[in-house]
Amino acid sequence: MDRSEDLKQVRDLHLVRDERDREVEAAAGLRAGNAVVLVSQLLSAVCLLQDDPARMALLSLTLVWGGVKGFWRFRQDQERIYLVWGLLTCAGAAALLGLYFHRAWSAGMSFTRLLGYAVLCQVLTVAAGLLFVALLLGIFWLAHKLGHIEGERWEQYFQSVSTAGLLLRVGAVMAVALAAVAALSVPLFARLGFQEPGLLAALFFVARGAYLLNKFSRRRDELIQKLLKLKR
């Protein structure tokens, strides 16, 4: 693919952001935050009707949202009223979360168990990264052995595939690595005595996937530019 056509495709797909894309993304982020707060309030109402202590954790999301808005306005306008607003709402969120965890621990939740899950998620994330690298190297090795691709043929391949296509292929390999590690974590969680190991594995997959997508969104301009330089 010609580099000018590749660059045009990348821009048409909004993989490289301009000022308008940043404005649209900021507006989308604001609406997404409002939607999350609304859903959390509806779920907290459901939990309240069922006398579920999770209502306190869900209500804290509204206060966190208000606190972030207050701190952001203070940063922009330097008016103390917004700082006080942010501090008060965050303090309210901390109080609700404290009550929630106090009731949860009284019901049998262990702080060491929660910390253990967090540590395991970090270890599993590293394992997914290593598996991702191993899969990429394996793909290159198979292409070399079975397709006899080397040297100039690799260069021709990268020139023929669009940047969006390369990103899609790399993303697919990462998704496979993450899904494989999540599947292998089910017996690990069960072995370590965690309840609902399948649910914890699914939570790991969704949370890590969302984290990686967010990280890509923040650094995609840099990554796209590197791929375009590679294809010169």
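- Separation of atoms SG (Cys121) and CG (Leu203) is listed at 7.0 Å; rounding is to 0.5 Å.
- In this structure, Phe189 and Phe194 have perpendicular ring planes: the angle between them is above 60°, well past the 30° mark.
- The OH atom of Tyr82 lies 14.5 Å from the CH2 atom of Trp72; values are rounded to the nearest 0.5 Å.
- What you find for Val64 and Ala93 is that their closest heavy atoms are CG2-CB, 3.7 Å.
- Leu178 is connected to Val176 through a chain of hydrophobic side-chain contacts under 4.5 Å among Ile, Leu, Val, Met, Phe, Trp and Tyr, so both are in one cluster.
- Under the 4.5 Å side-chain heavy-atom criterion for grouping Ile, Leu, Val, Met, Phe, Trp and Tyr, Val173 is connected to Leu137 within one hydrophobic cluster.
- Here the shortest heavy-atom pairing between Lys69 and Trp85 reads CB-CH2, 4.4 Å.
- Inter-residue side-chain proximity for Leu188 and Leu192 is flagged as met; some heavy-atom pair is nearer than 4.5 Å.
- For the pair Gly67 and Thr89, the tightest heavy-atom approach, listed with the atom from each and the gap, is CA-OG1, 3.0 Å.
- Counting all heavy atoms, side chain and backbone alike, Ala182 lies closest to Ser185 at O-OG, 2.6 Å.
- The CG atom of Leu124 sits 13.0 Å away from atom CZ of Phe205, with the distance rounded to the nearest 0.5 Å.
- For the atom pair CG (Leu120) and CZ (Phe204), the distance works out to 10.0 Å, reported to the nearest 0.5 Å.
- For the atom pair Leu43 CG and Leu48 CG, the distance stands at 12.5 Å (nearest 0.5 Å).
- Here the side chains of Val170 and Phe132 are in contact, with some heavy-atom distance below 4.5 Å.
- The closest side-chain heavy-atom distance from Ser40 to Trp65 is not below 4.5 Å.
- Leu199 and Val206 fall into different hydrophobic clusters, where Ile, Leu, Val, Met, Phe, Trp and Tyr residues are linked whenever their side-chain heavy atoms come under 4.5 Å apart, directly or through other members.
- Note: the hydrophobic cluster containing Ile139 also contains Val133 (ILVMFWY, side chain heavy atoms under 4.5 Å, direct or indirect links).
- Hydrophobic clustering of Ile, Leu, Val, Met, Phe, Trp and Tyr side chains at less than 4.5 Å, counting indirect connections, keeps Val68 apart from Leu63.
- In this structure, CZ in Arg55 is found 11.5 Å from OH in Tyr100, a value given to the nearest 0.5 Å.
- Across every non-hydrogen atom of Ala177 and Leu131, the tightest pair is O-CD2, 3.7 Å.
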